[in-house]
Amino acid sequence: MDIKQFEKLNFEEIYTYYKDKNEARKSRPAAEKKAEKAEKDEIEKPYQFCKWDGRKEKVGNFRIEPPGLFRGRGEHPKTGKLKQRVMPEQVTINIGKDASVPKAPEGHKWKAVQHDNTCTWLAMWKENINGNTKYVMLAANSAIKGQSDLKKFEKARELKQHIDTIRADYTRDLKSELMADRQRATAVYLIDKFALRAGNEKDTENEAETVGCCSLKYEHVTLKDTPDEPNTVIFDFLGKDSIRFHQSFQVDAQVFKNLKLFKKAPKSDGDDIFDRLNTTQLNKYLSSYMKGLTAKVFRTYNASWTMQVLLNKLKVPKGASVIDKVKLYNDCNREVAILCNHKRSVGASHEAQMGKIEDKIKGYMYDIWRYKQQMLSLDPKLKKKRGAAYFALPDGLTEEWILEQQAMLVEKKRTNITKKFQKDNEKLVANKEKPMPEKKLKELLKEADDLAAQYKKENKSKKVEPEGKSPSVDKLEANITKLEQRIHAAEVQAADRDGNKEVALSTSKLNYIDPRLSVVFSKKFDVPLERLFSKTLRDKFTWAIKTVEDDVDWQF
DNA sequence: TATGAAACTTAGCACTCTCTAA
DNA sequence: TTAGAGAGTGCTAAGTTTCATA
């Protein structure tokens with residue numbers, strides 16, 4: 001049957017079927033899940049490692065990609081196509097000459113077996129969606145990946161020796177008579193200043209329409225020149241993974257002029273800004289300064305350099321806690337992530353979570369206020385000693401809010417008691433004992449009623465009676481200090497979370513910031529490295545950790 | 001000079017694990 | 001003790017760069 005209107009299809013049944021199945025799987029007893037995992041691990045064990053130059057090395061993606069529907073990112077023309085199962089007959093094995101070749105599954109054979117030691121992959125196949133080659137390679141903690149990581153950062157550091165010349169040259173060439181040179185100079189400026197990617201040509205028929213520097217189109221760049229915002233360029237385009245790059249920058253006057261020139265009629269929507277430039281030409285030019293210098297190196301260089309500068313000018317107060325120091329480090333990390341435009345989607349629950357923190361803070365403030373009222377009950381003279389302001393209702397807490405809060409607390413107590421009662425009863429029944437009568441529940445709920453009565457009394461008399469066994473002003477003050485610390489922590493958390501909601505720190509940490517900078521920070525400020533790097537990252541960056549052991553003052 | 005394949009790095013998201021506050 | 005959030009990891013798509021070939 002031909003499907004004419006996709007939106008009229010009802011997938012509800014399929015959806016619930018799999019959702020239920022998934023939930024059933026999740027809610028199995030822990031022991032069962034554990035046993036299943038152990039079994040799976042046992043099966044996979046032989047495939048997780050290989051021998052490389054005599055060393056045992058971890059293999060990264062040893063599982064072949066399963067069949068499924070291709071999603072793709074953004075508006076990909078091939079979304080929804082069937083990604084087929086890969087058969088052994090499509091897989092090429094790359095292995096040492098003298099090594100024993102792993103057996104293909106029963107009744108199958110490999111496409112080919114080769115012994116090429118000039119590349120690093122162990123197995124290879126071609127996927128059917130885009131015809132791209134997929135590889136099985138070593139894990140990030142392997143020696144070979146570590147070496148190439150080190151090489152990458154050393155290459156970026158090498159750029160320090162040339163950057164002044166390069167900048168002077170492109171500043172000069174911004175005015176070049178030759179259009180090609182002028183475009184190239186402008187492009188290098190953008191790559192250097194705003195960390196744009198190179199921007200290779202793409203096949204618009206078969207790929208999502210995304211761009212980088214060299215492939216920027218007319219409509220991606222808007223020029224604005226007002227007294228308030230002179231020489232302003234607004235970039236708005238989809239970059240890698242169809243992530244939007246939407247930023248406004250004030251640029252060099254000549255760059256502004258050039259972009260205006262490159263956008264001049266008859267160019268219009270869909271036309272290349274840099275019609276006389278492609279990534280090959282650009283990289284060829286860059287490599288004349290330094291062997292292996294390409295557009296990509298600028299991103300690494302600028303990210304690591306920025307991090308170094310930020311960390312160097314960091315003011316870490318004496319006696320700062322580890323949490324505070326990690327926050328400062330993350331703030332630097334965040335600036336680099338913003339430079340590289342590393343984003344993540346804001347989770348659906350973000351707003352709600354922010355509200356929750358706010359409520360939590362208010363709750364703490366209310367508790368503090370109550371403790372203070374109790375102090376007053378114990379020692380009325382305090383009001384004069386500390387001033388009325390100390391005991392006043394804090395900003396943001398209204399009488400209404402308090403009533404709501406009290407009602408909520410009473411209700412919470414009520415549900416908790418009821419829940420516990422039901423649970424206890426279930427246990428009794430399970431043990432073949434007699435359950436408690438409903439009357440008992442009513443008795444238990446009296447606690448909640450008492451609380452409600454207490455609030456009512458307090459609200460009327462505007463006085464809070466001291467709680468607990470032997471209350472004292474000292475004890476109450478200690479409680480207040482604890483709560484104040486909690487408020488501080490929650491406020492830091494809230495600010496952190498909101499500033500972080502659409503910035504992904506992980507990509508820059510994993511790929512762009514020289515890990516030696518983080519190790520130096522950890523040593524210099526006495527922050528345990530595991531607070532900055534997870535186990536996987538520490539394994540990936542062993543080479544960096546070793547370097548810094550010998551040179552505590554290492555600089556990028 | 002253009003084109004395509006090969007080889008590798010970079011990227012965000014979904015899922016799982018782990019820790020923490022209530 | 002447990003829910004729920006955050007951290008961490010696995011997955012694989014999507015880039016860049018290099019190299020071979022026409």
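Lettering follows sequence order; numbering is per chain, from 1. All of these numbers come straight from a predicted model, not from anything done at the bench.
- Between A/Glu530 atom CD and B/dT18 atom P the separation is 16 Å, expressed in whole Å.
- Residues from residues 118-139 of chain A placing a heavy atom under 4.0 Å of any atom in DNA chain B, listed by number, are A/Cys119, A/Thr120, A/Trp121, A/Lys126, A/Thr133, A/Tyr135, A/Met137.
- When the ring pair (Phe, Tyr, Trp, His ring centres under 6.0 Å) test is applied to A/Tyr289, the partners found at least two apart in sequence or on another chain are A/Tyr285.
- Checking the phosphate oxygens (OP1, OP2) of B/dT9, a side-chain nitrogen or oxygen of A/Lys145 falls inside 4.0 Å.
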Look for any protein N or O under 3.5 Å of an N or O in nucleotides 17-22 of chain C and output each such pair with its distance, or none.
residue	atom	partner	partner atom	Å
C/dT17	OP1	A/Thr294	OG1	2.7
C/dT17	OP1	A/Ala295	N	3.2
C/dT17	OP1	A/Lys296	N	2.7
C/dT17	OP2	A/Asn283	ND2	2.8

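- For the pair A/Tyr512 and B/dT9, the criterion of a side-chain N or O lying under 4.0 Å from OP1 or OP2 is not met.
- Of the residues in residues 68-83 of chain A, those with a non-hydrogen atom less than 4.0 angstrom from any atom of DNA chain B are A/Arg73.
- Nucleic acid contact for A/Lys540: none, since no nucleic acid atom lies under 4.0 Å from a heavy atom of the residue.
- Checked against ring pair (Phe, Tyr, Trp, His ring centres under 6.0 Å), A/Trp121 has the following partners two or more places apart in sequence or in another chain: A/Tyr135.
- Of the listed nucleotides (B/dG12, C/dT16, C/dT12), B/dG12 has the atom at the smallest distance from the side chain of A/Ile243.
- In this view, A/Tyr47 satisfies the ring pair (Phe, Tyr, Trp, His ring centres under 6.0 Å) rule with no residue, not counting sequence neighbours.
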List every contact pair, protein side and nucleotides 20-22 of chain B side both N or O, where the distance is under 3.5 Å.
residue	atom	partner	partner atom	Å
B/dA22	OP1	A/Tyr364	OH	3.2

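- Residues of residues 148-159 of chain A that place a heavy atom closer than 4.0 Å to DNA chain B, in numerical order, are A/Ser148, A/Lys152.
- A cation-pi arrangement, defined by a distance under 6.0 Å to the six-membered ring centre and an angle within 45 degrees of its axis, is present between A/Lys56 and A/Phe49.
- Salt bridge A/Lys217/A/Asp271: absent, no basic N to carboxylate O contact under 4.0 Å.
- The two residues A/Asn128 and A/Lys83 come nearest to each other via the heavy atoms OD1-CA, 3.6 Å.
- Applying the 4.0 Å criterion to OP1 and OP2 of C/dG15, one finds that A/Thr210 has a side-chain N or O inside that range.
- Taking side-chain N and O atoms only, A/Lys202 has a distance below 4.0 Å to OP1 or OP2 of C/dG15.
- Here the side chain of A/Gln308 pairs a donor or acceptor atom with the backbone of A/Phe556 at under 3.5 angstrom.
- Among residues at least two apart or in separate chains, there is no salt bridge (charged side-chain N to carboxylate O under 4.0 Å, His left out) pair with a member in residues 200-216 of chain A.
- Taking 4.0 angstrom as the limit, A/Arg299 places a side-chain polar atom (N or O) nearer than this to OP1 or OP2 of B/dA11.
- Listed by chain and number, the residues in a salt bridge (Lys or Arg N to Asp or Glu O under 4.0 Å) with A/Arg276 amount to none (sequence neighbours excluded).
- Counting only residues at least two apart or on different chains, the salt bridge (charged side-chain N to carboxylate O under 4.0 Å, His left out) pairs with a member in residues 134-150 of chain A are A/Glu65-A/Lys134, A/Asp149-A/Lys152, A/Asp149-A/Lys540.
- The ring pair (Phe, Tyr, Trp, His ring centres under 6.0 Å) test applied to A/Phe237 returns A/Phe245, not counting sequence neighbours.
- Side-chain proximity of A/Pro66 to the nucleotides B/dC13, C/dT12, B/dG12 is greatest for C/dT12.
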